[in-house]
Amino acid sequence: MVTLRQLEYLVMVADLASFTRAAETLHVTQPALSHQIRALEKEVGASLLERRPRGTQPTAAGRAMLAHARSALGEAETAVQTARQAAGLIAGELRVATVYSITLGVLPPALTIWSRRHPAVDLRLFEHRHAQELADSVADGQADLAVGPEPQGWRGPTETLGTEDFVVAVSVDDPLAAVASRKVELNALADRRWVHFAPDHGLASVLDRACEQAGFQPRIAVRTEQTASAPILAAAGLGPALVPANLISDSYNGVLLTPVPAVRRLLVAYTRNRFDALSSAFIDVLKETAPLELRPMP
């Protein structure tokens with residue numbers, strides 16, 4: 001069955017004459033975009049796009065389909081706006097609380113899509129140092145919705161988003177950078193001095209717990225209060241850092257290793273009493289865009 005997403009992808013590639021630029025605009029990977037276009041072509045039984053010297057252009061079948069695709073997308077947008085108006089999603093304010101690392105790694109794609117779909121809904125973002133501070137802020141009424149690690153003893157509604165994997169960041173001239181498997185046993189790092197986090201930073205407890213389970217207490221080269229600083233300091237050679245994989249960009253100038261055993265954190269969305277229309281809509285966007293998967297916790 002042809003989906004609206006496939007039609008949206010077709011229109012975007014045709015308008016931009018480029019798979020690469022379309023993928024960037026849609027905030028998806030190019031392989032994922034290409035896969036959906038191939039699935040659409042298989043469904044209709046014809047090639048819809050072809051690469052030419054001046055860029056990707058629609059074929060005759062593609063041109064015939066584009067007009068109907070635009071019409072279908074327009075009708076779908078009208079239907080969505082009508083439903084949003086009935087549900088109170090056209091305007092308002094959504095207050096979201098989270099922890100620093102999630103602001104860097106998980107939220108940006110969701111915020112981009114959210115602002116595009118709900119331009120009249122103001123979004124206020126409150127950032128906290130660790131999971132308990134986050135839970136306390138929501139309990140006190142600071143925010144409508146929290147996005148973060150699973151809170152201990154929380155009695156309100158909770159929605160699982162997925163697990164985020166952590167990686168060990170090191171410099172390019174670190175001996176571990178030469179490991180072909182790009183994996184490292186955590187207990188092999190017992191004698192190393194680490195780029196750590198400030199004691200009241202949520203990621204400090206993640207590192208301490210992972211090292212404890214590996215049988216040692218991390219030695220400290222430096223502590224940072226800034227989540228984004230840790231991988232930068234690691235790349236500068238101060239020592240390994242344990243950070244969420246989703247906050248590392250493709251242009252990172254260090255080396256990333258997968259820890260063994262795996263280090264993961266379950267992320268959820270939660271609120272005090274119930275998820276209202278805005279909160280539920282934001283959770284849907286998070287599930288659509290967040291770089292998370294449901295993996296077994298170690």
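Source: prediction; values computed, not measured. Atoms considered below: every heavy atom in the structure, side chains included; atoms not considered: hydrogens, waters and symmetry mates.
- Between the Arg264 side chain and the Asp165 main chain, no donor and acceptor come within less than 3.5 Å of each other.
- Looking at Ile37 and Tyr9, their side chains come closer than 4.5 Å, going by heavy atoms from C-beta outward.
- In this structure a side-chain-to-backbone donor-acceptor pair under 3.5 Å is present from Tyr252 to Pro231.
- Pairs of residues two or more places apart, or lying in two chains, that qualify as salt bridge (Lys or Arg N to Asp or Glu O under 4.0 Å) and include a residue from residues 3-28 are Arg5-Glu288, Asp15-Arg70.
- When the options Val167, Val168, Val172 are evaluated for a side-chain contact (heavy atoms from CB on, under 4.5 Å) with Val170, the one that passes is Val168.
- Between the CG atom of Leu66 and the CG atom of Leu49 there is a distance of 7.5 Å, given to the nearest 0.5 Å.
- Inspection of the Glu50 and Thr59 side chains reveals no N or O donor paired with an N or O acceptor under 3.5 Å.
- A donor-acceptor pair under 3.5 Å links the side-chain atoms of His130 to the main chain of Glu133, judged by distance alone.
- Under the 4.5 Å side-chain contact rule for hydrophobic residues, Leu123 and Leu134 share a cluster.
- One finds the CZ atom of Arg51 at 5.0 Å from the OG1 atom of Thr56 (value rounded to the nearest 0.5 Å).
- Contact of the Met65 side chain with the Leu48 side chain is registered, since non-hydrogen atoms from C-beta on lie closer than 4.5 Å.
- Put simply, the side chain of Gln213 does not reach to within 4.5 Å of the side chain of Leu186, judged on heavy atoms.
- When all heavy atoms of Leu278 and Trp114 are compared, the pair lying nearest together is O-CH2, 3.7 Å.
- Side-chain N/O atoms of Thr20 and Gln30 include a donor and acceptor closer than 3.5 Å.
- The side-chain heavy atoms of Val195 and Ile232, taken from C-beta on, include no pair separated by under 4.5 Å.
- Between the side chain of Arg219 and the main chain of Ala190, no donor-acceptor pair closer than 3.5 Å is present.
- Residues His27 and Thr289 have side chains not in contact (no heavy-atom distance under 4.5 Å, counting atoms from C-beta outward).
- At a cut-off of 3.5 Å, with distance as the only test, a side-chain donor of His128 or Gln142 sits close to an acceptor on the other residue.
- Val285 and Leu111 fall within the same hydrophobic cluster, defined by Ile, Leu, Val, Met, Phe, Trp and Tyr side-chain heavy atoms under 4.5 Å apart, directly or through other members.
- The two residues Asn187 and Phe216 have their closest heavy-atom pair at CA-CE2, 3.9 Å.
- Between Asp174 and Arg192 there is a salt bridge, with a side-chain nitrogen of the basic residue lying less than 4.0 Å from a carboxylate oxygen of the acidic one.
- When all heavy atoms of Val255 and Ala177 are compared, the closest pair comes out as CG2-CB, 3.8 Å.
- With hydrogens and angles disregarded, a donor-acceptor distance shorter than 3.5 Å links the side chain of Gln6 to the backbone of Thr3.
- The main-chain N or O of Thr98 is never found under 3.5 Å from a side-chain atom of Glu127 such that the two would form a donor-acceptor pair.
- At a cut-off of 3.5 Å, with distance as the only test, a side-chain donor of Arg265 or Ser101 sits close to an acceptor on the other residue.
- In this structure a side-chain-to-backbone donor-acceptor pair under 3.5 Å is missing from Ser280 to Ala277.
- Connection of Ile248 to Tyr100 is not established within any shared hydrophobic cluster, with ILVMFWY side chains joined at heavy-atom distances below 4.5 Å, either directly or through further cluster members.
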Could you go through the side chain to side chain contact (heavy atoms under 4.5 Å, CB included) check for Arg124 and Glu93 one step at a time? CA-CA 7 Å; Arg124 291 190 64 190; Glu93 180 184 68; 3.1 Å; yes

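- When the side chains of ILVMFWY residues are joined at heavy-atom separations under 4.5 Å, either directly or via intervening members, Val263 and Val260 end up in two distinct hydrophobic clusters.
- Phe197 and Leu242 make their closest contact through CE1-O, 3.7 Å (heavy atoms, listed as atom of the first residue, atom of the second, distance).
- Side-chain contact check for Asp276 versus Arg274: some heavy-atom pair is nearer than 4.5 Å.
- Checking side-chain atoms of Arg223 against main-chain N and O of Ile220 turns up no donor-acceptor pair under 3.5 Å.
- Of all heavy-atom pairs between Lys287 and Thr160, the closest is CE-O, 3.7 Å.
- The shortest non-hydrogen separation linking Ala143 to Arg95 is CB-O, 3.5 Å.
- The backbone N or O of Ala67 sits nowhere less than 3.5 Å from a side-chain atom of Ser71 that would complete a donor-acceptor pair.
- Between Phe126 and Val96, every side-chain heavy-atom pair lies at or beyond the 4.5 Å cut-off.
- When the side chains of ILVMFWY residues are joined at heavy-atom separations under 4.5 Å, either directly or via intervening members, Val243 and Leu238 end up in two distinct hydrophobic clusters.
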May I have the list of side-chain donor-acceptor pairs in residues 198-210 shorter than 3.5 Å, sequence neighbours left out?
{"residue": "Asp200", "atom": "OD2", "partner": "Arg129", "partner atom": "NH1", "Å": "2.6"}
{"residue": "His201", "atom": "ND1", "partner": "Leu203", "partner atom": "N", "Å": "3.0"}
{"residue": "His201", "atom": "NE2", "partner": "Thr227", "partner atom": "OG1", "Å": "2.9"}
{"residue": "Ser205", "atom": "OG", "partner": "Gly202", "partner atom": "O", "Å": "2.8"}
{"residue": "Asp208", "atom": "OD1", "partner": "His196", "partner atom": "NE2", "Å": "2.8"}

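- Looking at heavy atoms from C-beta onward, Leu161 lies in side-chain contact with Val147 at the 4.5 angstrom threshold.
- Counting non-hydrogen atoms of other residues, nucleotides and ligands closer than 6.0 Å to CG of Asp140 gives a total above 12.
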